[in-house]
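Notes follow the structure.
When a ligand or atom number is given, it counts from 1 through the structure's own listing order.
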Amino acid sequence: MLGGKYTPTIGLEVHAQLNTNTKLFCACPNQFGQTANHLTCPICLGHPGTLPVLNQKAVEFAIKAGLALGCTIHLHSVFARKNYFYPDLPKGYQISQFDLPICTEGKLTIGDRNIGITRIHMEEDAGKLLHGDSQHNKGGSLVDLNRAGVPLIEIVSEPDIVSAQEASDYLKELRNILRYLDVCDGNMEQGSLRCDANVSVRPQGQKQFGTKVEVKNMNSFRHVQKAIEFEIERQSLAMEQGETIAQETRLWDIDKGVTRSMRSKEEANDYRYFPEPDLKPLVVSKDLIHELRQGLPELPAQKRHRYIHELQMAEQDAQTICEDQKIAAYFDACMNIFGSSAQHAKSITNLLTSEVLRLSNEKGQDVDQLHITPEKLVDIVKLIEDGTISGKIAKEIINEVAQTGAAPSELVEKKGLAQISDTSSIQNMVDEVVAANPDQAQAYRDGKDKLFGFFVGQVMKASKGKANPTLVNELLIKSLSK
Ligand code: ADP
Ligand code: ZN
Ligand code: MG
């Protein structure tokens with residue numbers, strides 16, 4: 001296609017719902033999926049005469065996000081009214097921050113690239129419109145105001161992102177950081193995390209950015225990536241044909257896989273921002289910022305770095321484990337119980353990334369919900385390392401523990417799963433297998449080396465997987481060469 005001829009530039013605006021107990025300016029519960037309009041009060045319904053009261057927790061969550069993204073946290077910031085009319089906005093304005101946001105100038109690192117964070121500001125969410133037919137709704141639209149007043153932070157990036165893939169990586173890392181901080185659940189399907197992408201292209205070599213188009217309405221990593229890819233291609237093609245790109249807002253059409261124009265710059269709202277008269281400027285103390293900084297958890301990038309450099313973990317494994325803070329916490333718990341070392345990390349990682357994550361997927365449960373707890377996984381690894389069980393039996397035991405929650409060592413005893421490591425009983429099995437397969441034995445002696453695996457398999461089968469594989473190998477070599 002036109003790849004290479006035009007250079008893309010991307011900046012993302014991400015809205016993240018803060019998972020506070022209550023809304024930003026009233027005491028209504030902040031919950032998803034409740035009966036429509038039940039989580040409302042005169043404040044979030046925008047009744048005249050009511051006054052907003054700022055949620056302290058939401059401020060703390062916004063500061064935590066700012067600290068994790070290396071932002072300057074402003075001791076003084078200001079809420080502003082953003083005025084517009086829409087049926088999901090009963091007050092006729094949204095309380096947001098405009099020229100004095102709480103956080104500015106941070107960065108997010110992906111691989112060896114830094115993506116600048118322009119600002120993080122606080123604002124309230126609007127309600128939700130339900131369009132189309134339903135049993136309550138014959139052809140019209142309904143409004144649910146449970147979401148009205150839910151606290152949001154908007155995280156605006158610099159136009160530093162250079163590809164659809166990098167945009168997707170940025171979004172994944174950002175989501176992960178917010179989840180590690182426990183300030184946003186990151187559930188994109190439920191709209192807890194929403195992304196608008198600003199995309200422009202310019203002829204290769206040109207310094208000045210092209211005109212940007214904003215794509216809204218994307219609720220998955222895949223859609224963000226696809227929509228950006230589509231826009232880059234569409235804009236490049238338009239430029240190739242000598243057209244000028246109009247600044248506009250477009251919507252991502254999930255079904256057709258295209259973006260469609262929603263409104264041009266001329267139709268854009270004039271929000272008539274002014275400082276919110278019902279709220280004092282937001283003043284935070286240095287002490288609070290210090291306290292929040294001290295309380296920051298180890299973040300995904302730091303964790304990956306520690307795993308790779310202190311525990312010699314493979315990069316891909318570090319990536320997999322750190323992708324979900326619950327998995328990382330599970331791994332860290334194993335290290336705490338077992339003692340943190342490269343060898344222990346390797347043994348745990350092997351079973352965690354294969355068996356435990358498979359079980360978690362199959363059962364649709366997070367790792368911290370499984371019967372196979374860090375304690376039990378460590379017990380199993382210890383049983384392998386002291387030679388009590390083989391790696392194969394370990395997998396069996398993990399499955400059994402996952403079903404019943406039984407203690408691994410008791411299972412080994414009860415089911416007679418202990419590895420057979422005494423030479424004479426293995427020798428007996430080897431002798432029987434060799435005697436039962438004289439033709440193969442001869443063929444092996446005549447040079448068909450590949451048959452060795454067949455004999456190992458037969459002996460393991462005879463022992464029901466319990467024979468010590470090292471001994472089996474040793475004794476087979478001797479017996480077959482006789
Ligand atoms: P607006 O005033 O239209 O909201 P901003 O300057 O605030 O524009 O930028 C909004 C978002 O668009 C930011 O994420 C920014 O990085 C991005 N952006 C700005 N200019 C461009 C451009 N030419 N191409 C791509 N993205 C851009
Ligand atoms: Zn309310
Ligand atoms: Mg802007």
For E158, counting its heavy atoms only, list the atoms of ligand 1 lying under 4.0 Å from any of them.
16 (O)
Does NZ or CZ of K82 lie under 6.0 Å from the centre of the six-membered ring of Y93, at an angle within 45° of the ring axis?
no
Looking only at non-hydrogen atoms, the one of D160, N198, V199, V201 nearest atom 11 (C) of ligand 1 is N198
Looking at A126, is its backbone amide N or carbonyl O close enough to the side chain of R147 to form a donor-acceptor pair, meaning the two atoms are under 3.5 Å apart?
yes
Ignoring hydrogens and geometry beyond distance, is a side-chain donor-acceptor pair present between Q56 and E60 at under 3.5 Å?
yes
Going by the order shown, which atoms of ligand 1 are within less than 4.0 Å of some heavy atom of V156?
13 (C), 14 (O)
With rounding to 10 degrees, what does the angle C41:SG / the Zn ion (ligand 2) / C44:SG come to?
120°
Is any side-chain heavy atom of V215 closer than 4.5 Å to a side-chain heavy atom of E231?
yes
Can any side-chain N or O of Q241 pair as donor or acceptor with the backbone N or O of E243 at less than 3.5 Å?
no
Quick check: S157 and ligand 1, any N/O pair under 3.5 Å apart?
yes
Does a donor on one side chain sit under 3.5 Å from an acceptor on the other, for E248 and S264?
no
Is T211 close to ligand 1, meaning an N/O of one under 3.5 Å from an N/O of the other?
no
Output field for angle at the Zn ion (ligand 2), C28.SG vs C26.SG, rounded to 10°, should show 110°
Test of proximity, F209 against ligand 1: N or O pairs below 3.5 Å
no
With only distance considered, is G210 within less than 3.5 Å of ligand 1 through an N or O on each side?
yes
Salt bridge flag under 4.0 Å for residues E362 and R358:
yes
Which atoms of ligand 1 have any heavy atom of T9 under 4.0 Å away?
24 (N), 25 (C)
The option among K212, R202, E214, R119 carrying the non-hydrogen atom nearest to atom 21 (C) of ligand 1 is K212
I'd like to check whether S200 has a polar contact with ligand 1, where a contact means an N/O of the residue lying under 3.5 Å from an N/O of the ligand.
yes
Exceeds 12 heavy-atom contacts within 6.0 angstrom, atom NE2 of H290
no
